Amino acid sequence: MYKFYNNNALGLFENDCAIRSISLATGNSWDDTYQYLSNKARLKGTMLDDRNFILDFLDERYERVPTYNLSVGEVSAKYNDNVILITMTGHIVCSKYGVIYDSFDCRERQAEYCWIVK
């Protein structure tokens, strides 16, 4: 299932999928998540939306689970008892208990990696 979600602090549609999805998964505000990721990335000398930074950040905090070459929608359904973060080419999304929250419907896209947050 998909549900429209945009928690950008100003209601804008920006390239902020990492902030949007991580803030939803952790229950923190968009602003707090932006600040936290920005500070962590700065300490590593990179940008907060850098792919490798995000993958490392998630691996340090959460359990990565297999996606078995499934679509984002299929991964969401498989782990429907959890809050998960799912990456795909150029994007990351949060699924909470089988519902994908995002600014567009990405259910048909190929899942790359997945982490159980809660």
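These values consider heavy atoms only, across backbone and side chains, with no hydrogens, waters or symmetry-generated copies. The shown structure was predicted, so the numbers you read here are calculated from the model rather than taken from an experiment.
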Where at least one partner belongs to residues 39-50, residue pairs that pass side-chain hydrogen bond (donor to acceptor under 3.5 Å, both in side chains), sequence neighbours excluded: Gln35-Asn39
Who passes side-chain contact (heavy atoms from CB on, under 4.5 Å) against Leu10, sequence neighbours left out? Asn8, Leu12
Under a side-chain separation threshold of 4.5 Å, the hydrophobic residues clustered together with Ile19 are Ile22, Trp30, Tyr34, Tyr36, Leu37, Leu48, Phe53, Ile54, Leu55, Phe57, Leu58, Tyr62, Val83, Leu85, Ile92, Tyr97, Tyr113, Trp115, Val117
Those residues at least two apart in sequence (or on a different chain) that pass salt bridge (charged side-chain N to carboxylate O under 4.0 Å, His left out) with Asp59 are Arg64
For Ser38, which residues count as a side chain to side chain donor-acceptor pair (under 3.5 Å) partner, sequence neighbours excluded? none
With sequence neighbours left out, write down each residue that passes salt bridge (charged side-chain N to carboxylate O under 4.0 Å, His left out) with Arg109, or none if nothing qualifies. none
Residue set satisfying side chain to side chain donor-acceptor pair (under 3.5 Å) with Gln110, at least two apart, ordered chain then number -> Asn69
I'd like to check the side chain to side chain donor-acceptor pair (under 3.5 Å) partners of Ser23; sequence neighbours left out, ordered by chain and number. Asn7
side-chain contact (heavy atoms from CB on, under 4.5 Å) with Glu74: which residues, sequence neighbours excluded? Leu70, Ser71
Selection residues 72-91 - residue pairs positive for ring pair (Phe, Tyr, Trp, His ring centres under 6.0 Å), sequence neighbours left out: His91-Phe104
Indicate yes or no for a side-chain donor-acceptor contact from Tyr2 to the backbone of Asp102 under 3.5 Å, with no hydrogens or angles considered. yes
Contacts of type side-chain contact (heavy atoms from CB on, under 4.5 Å), residue Phe13, not counting sequence neighbours: Phe4, Asn6, Ser103
Would you say that Glu112 contacts Thr67 through its side chain, given a criterion of any heavy-atom pair below 4.5 Å between the two side chains? no
Write out all pairs satisfying salt bridge (Lys or Arg N to Asp or Glu O under 4.0 Å) with one or both partners inside residues 90-99, taking only residues at least two apart or from two chains. none
Look up atom CE in Met47 and atom CG in Asn52, then write down how far apart they are to the nearest 0.5 Å. 14.5 Å
